[in-house]
Amino acid sequence: MLELKVYNTLARKKEIFAPIKAGQVGMYSCGPTVYKPAHIGNLRAYVFMDELRRIFEYSGYKVKSVMNITDVGHLVSDGDDGDDKMSKSARETGKDPLEIAAEITDRFMADIDSLNIKRPTVCPKATDNIPEMIAVVQALLDNGYAYETADGIYFSVEKFAGYGKLSGVKLEDQRHGARVEVNSFKRHPIDFALWKKAAPNHLQQWDSPWGRGFPGWHIECTAMSRKYLGETFDIHTGGVDHIPIHHENEIAQAECWLGHKAVNYWMHNEFMLIDGGKMSKSLNNVYTVADVVAKGYTPMELRYLYLNVQYRQKLNFTWAAMDAAKSAYNKLCGLLLAHKNGVVKTDKAALDEYRRKFEEAITDDLNVPLALGVLWTMLKLPKSADVYNLALDFDKIFALDFDKVKEEEKPQIVIPEDVKAMAELRLAARRAKNWAESDRLRDVIAYMGYAIKDTADGYELTLK
RNA sequence: GGCACCAUAGCCAAGUGGUAAGGCAGAGCUCUGCAAAAGCUUCACCCCCAGUCCGAAUCUGGGUGGUGCCUCCA
């Protein structure tokens, strides 16, 4: 069992990971709200979740990973009032909310599969856990942390002394209502909804002790994480954007409900930027995996790009960076293949040293970029299957399909007869050392749309 | 106004007290008629100022700059 250091947002420093149960890890990751396809920024969070899990497994832990599928309830852009995303999307497309949720969930799973992100052990859906959420809300009402208003049940943040301990924000420092109109029913501007009472035309609503309604947008994580991981669990992950509101609220709910600490380690991934700034629809720079693939890159090349930056650093996505990742990944595969076919025996002590450096990197708060550097350096050794086999072991963390490297299959393109004839003429010219004619024919072939490369025993034609 | 993160070569990026990993691009060389491919080699004193220290990219203070959050957001 390797010792892991992880950066705990709660402590604002790296800590040695100590599991609740020896040899086991329970982790919960805030999952997608399935009303529109995930973009590559969203996906960074799941690559992080995946790396974390893989490193624990590599280190000898048994991991239970839980990720929610939010198919209800997140309100759109107006605080605790107004419409929710699922309903909005449903109205826009004319589809049933659950129909949209099913479609988007399938697409999400296909996306994470393509990126070699292991599916979590459990992916509970919010709509399957409404009774569990109602029970938490009721408990918070019973013990005095929540109150009922005309439009819902709210959590009273002033009753929880620990509010703000994750993000460092203080209640009185916030500019309430600066951009959002304050809900007049609330006792304190940042009290948040646990349960919302629904209007008759609201698309998703359930019976509750407070009439028909739907859950607030923080309660599902609290209800489901406890259901699947127990009252206190090891790790909760999510994007940095969740620190000030969502996770702060989760802590408040859970600790007030349970009466004790609920999560030992909070871990957050930084954002992906596009061309140095936030991705947004108005800038037209929100890309999905499908968009990246459509531009000629593979999901593995994209995964390589993710892996090249440590999870707590901002990752600036540019197409130039994507090109660099493509080049690097393909070169890497070429080197791996050469090692796979290598015949040199590599000294065991040398291999052990590379393994030690690799493990040192990954166990130091997921320093995957450093681990990649170790790999690159190792691949400079004389070509040896021993090196390849160790690289395969490293790939338990990278998950870059090192086991699938093989001789590049020449794309079977049909070469027109006239192009072939030109190539033959050029070959003859070369054999006669008529270089001027040879070069002229290369230009002709290029003009016809093909590139010609000389090989040891002839030539190779490819589409330009 | 508050909170947080960050600032290392043309680009991406690791390094958090002992003299700058790795990748992309570039340059040079080898090989090849040339080209392509491949291989080898090469390429930074770390935003600024002041301090602590035998020693700082790494710590402290002050600047400057960037990004995000304070509304749903990975």
Side-chain angles (χ1 to χ4, degrees), chain A residues 9 12 14 29-33 35 38-49 70 73-85 88 164 166-181 190 217 237-246 248 268-273 276-280 304-305 307-318 320-329 331-332 334 338 357 361 364 367-380 430 433-436 438-439 442 446 451-456 459-460 462:
Chain A
T9 306
R12 303 233 174 255
K14 288 185 197 173
S29 303
C30 283
T33 300
Y35 70 104
H39 59 247
I40 54 177
N42 297 132
L43 261 359
R44 188 182 189 201
Y46 307 109
V47 171
F48 160 55
M49 167 189 87
T70 299
H74 277 202
L75 296 161
V76 85
S77 60
D78 37 8
D80 285 325
D81 295 309
D83 213 348
D84 72 58
K85 290 174 179 175
K88 185 166 180 284
L166 187 66
S167 59
V169 298
K170 296 181 180 66
L171 293 186
E172 58 273 20
D173 288 341
Q174 299 302 302
R175 283 186 167 183
H176 309 298
R179 297 162 69 194
V180 179
E181 202 170 328
I190 62 169
W217 44 278
T237 76
V240 286
D241 56 315
H242 280 148
I243 297 171
I245 304 290
H246 181 50
E248 207 70 83
H268 297 92
N269 62 280
E270 252 297 350
F271 262 45
M272 172 185 268
L273 306 177
K278 195 182 180 179
M279 59 177 93
S280 73
Y304 184 91
L305 179 69
L307 265 37
N308 195 228
V309 184
Q310 205 261 358
Y311 77 96
R312 284 194 293 116
Q313 303 298 323
K314 291 178 182 71
L315 191 171
N316 186 19
F317 180 92
T318 60
M322 199 59 236
D323 280 336
K326 184 184 185 67
S327 295
Y329 179 67
K331 190 170 165 189
L332 189 62
K357 284 182 178 166
D364 183 13
N367 197 336
V368 180
L370 182 59
L372 276 175
V374 174
L375 174 69
W376 278 101
T377 306
M378 180 174 85
L379 292 178
K380 286 181 181 156
R430 289 191 68 233
K433 299 199 186 297
N434 186 346
W435 309 127
S438 165
D439 289 347
R442 176 157 52 205
I452 189 162
K453 285 197 302 192
D454 297 321
T455 59
Y459 56 83
E460 188 181 307
T462 51

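Below, read A as the first sequence line, B as the second, and so on, with proteins coming before strands; counting in each chain starts at 1. Being a predicted model, the structure only gives us computed values, none of them experimental.
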Novice: May I ask you to verify if any side-chain N or O of A:K314 is less than 4.0 angstrom from the OP1 or OP2 atom of B:A13?
Specialist: no
Novice: Tell me whether the ring of A:F271 lies stacked over the B:G68 base, given a 5.5 Å limit on centroids and a 30° limit on the plane angle.
Specialist: no
Novice: Would you mind telling me which of B:A35, B:G22, B:C73 lies closest to the side-chain atoms of A:N308?
Specialist: B:G22
Novice: How is A:F48 classified with respect to the nucleic acid when contacts are heavy atoms under 4.0 Å: base, sugar-phosphate, or nothing?
Specialist: nothing
Novice: Is a donor-acceptor contact shorter than 3.5 angstrom present between the side chain of A:R312 and the base of B:C5?
Specialist: no
Novice: Between C1' on B:G15 and CD on A:Q313, what's the gap in Å once rounded to a whole number?
Specialist: 11 Å
Novice: Could you please name the partner base of B:C47, counting Watson-Crick and G-U wobble pairs only when both distances are under 3.5 Å?
Specialist: B:G63
Novice: Taking only Lys NZ, Arg NE, NH1 and NH2, and the carboxylate oxygens of Asp or Glu, determine whether A:K326 and A:D323 approach each other closer than 4.0 Å.
Specialist: no
Novice: Would you indicate, yes or no, if B:C69 has its OP1 or OP2 atom less than 4.0 angstrom from a side-chain nitrogen or oxygen of A:K278?
Specialist: yes
Novice: CD of A:E270 versus C1' of B:A7: gap in Å, rounded?
Specialist: 14 Å
Novice: Rounding to the closest angstrom, what is the interatomic distance between B:U8 and B:G23 at atom C1'?
Specialist: 15 Å
Novice: Contact class for A:H39 (heavy atom, under 4.0 Å): base, sugar-phosphate, or nothing?
Specialist: base
Novice: Can you tell me the pairing partner of B:C69 across any strand shown, Watson-Crick or G-U wobble, with both distances under 3.5 angstrom?
Specialist: B:G2
Novice: NA contact type, A:A320, heavy-atom cut-off 4.0 Å: base, sugar-phosphate, or nothing?
Specialist: nothing
Novice: Between the base of B:G33 and the side chain of A:D439, is one N or O donor paired with an acceptor at under 3.5 angstrom?
Specialist: yes
Novice: Heavy atoms under 4.0 Å, any strand shown: does A:S438 hit a base, just sugar-phosphate, or nothing?
Specialist: base
Novice: Strictly by Watson-Crick or wobble contacts shorter than 3.5 Å, is anything paired with B:C29, and which nucleotide is it?
Specialist: B:G39
Novice: Taking atom P of B:G23 as reference, at what distance in whole Å does atom CG of A:L315 sit?
Specialist: 19 Å
Novice: How many angstroms lie between atom NE2 of A:H246 and atom CH2 of A:W217, to the nearest 0.5 angstrom?
Specialist: 8.0 Å
Novice: Which value, rounded to the nearest 0.5 Å, describes the distance between A:L307 atom CG and A:Y304 atom OH?
Specialist: 8.5 Å
Novice: Let me know, please, whether A:L372 or A:N42 comes out on the 5' side of the other along RNA chain B by nearest nucleotide.
Specialist: A:L372
Novice: Please pick, from B:C70, B:A21, B:C5, the nucleotide with the shortest atom-to-atom distance to any side-chain atom of A:I245.
Specialist: B:C70
Novice: So if I take every side-chain heavy atom of A:L273 and compare against B:G33, B:G68, B:A4, which nucleotide ends up nearest?
Specialist: B:G68
Novice: Donor-acceptor pair, distance only, cut-off 3.5 Å: does the side chain of A:R12 make one with the backbone of A:L166?
Specialist: yes
Novice: Does the pair A:D364 and A:K14 meet the rule for a side-chain contact (heavy atoms from CB on, under 4.5 Å), with working shown?
Specialist: CA-CA 9 Å; A:D364 183 13; A:K14 288 185 197 173; 2.9 Å; yes
Novice: Any strand counts, and the cut-off is 3.5 Å on both contacts for Watson-Crick or G-U wobble. Which nucleotide pairs with B:C34?
Specialist: none
Novice: Take atom P in B:C11 and the same atom in B:C45, then report the distance between them in whole Å.
Specialist: 14 Å
Novice: Is there a Watson-Crick or G-U wobble partner for B:A14 with both distances under 3.5 Å, and which nucleotide is it?
Specialist: none
Novice: So which one's nearest nucleotide on RNA chain B is more toward 5', A:A325 or A:K14?
Specialist: A:K14
Novice: Base, sugar-phosphate, or nothing: which does A:G41 touch, judged by heavy atoms less than 4.0 Å apart?
Specialist: base
Novice: Taking CD1 from A:I40 and P from B:A74, how many angstroms apart are they, rounded to a whole number?
Specialist: 14 Å
Novice: Students often get this wrong, so: under 4.0 angstrom with heavy atoms, is A:D323 touching a base, only sugar-phosphate, or nothing?
Specialist: nothing
Novice: Sort out the partner of B:G55 for me: Watson-Crick or G-U wobble, both distances under 3.5 Å, none otherwise.
Specialist: none
Novice: Does A:W376 stack onto the base of B:G22, taking stacking as ring centres under 5.5 Å apart and planes under 30° apart?
Specialist: no
Novice: Can you measure A:Q310 atom CD to B:G23 atom P for me and round it to whole angstrom units?
Specialist: 20 Å
Novice: So A:E270 and A:L315, side-chain contact (heavy atoms from CB on, under 4.5 Å) or not? Walk me through it.
Specialist: CA-CA 8 Å; A:E270 252 297 350; A:L315 191 171; over 6 Å; no
Novice: Could you state the interatomic distance from CG (A:N269) to OH (A:Y46), rounded to the nearest 0.5 Å?
Specialist: 9.0 Å
Novice: Report which part of the nucleic acid A:P369 touches: base, sugar-phosphate, or nothing (heavy-atom distance under 4.0 Å, all strands).
Specialist: base
Novice: Tell me the interatomic distance from A:D241, atom CG, to B:C72, atom C1', rounded to whole angstroms.
Specialist: 9 Å
Novice: Output the rounded distance in Å from CG (A:L166) to P (B:C69).
Specialist: 17 Å
Novice: Rounded off to whole Å, could you give me the CG-to-P distance for the A:L370 and B:G15 pair?
Specialist: 7 Å
Novice: Indicate yes or no for a side-chain donor-acceptor contact from A:R442 to the backbone of A:I452 under 3.5 Å, with no hydrogens or angles considered.
Specialist: no
Novice: Quick one: which of B:C73, B:A25, B:G23 gets closest to the side chain of A:K380?
Specialist: B:G23
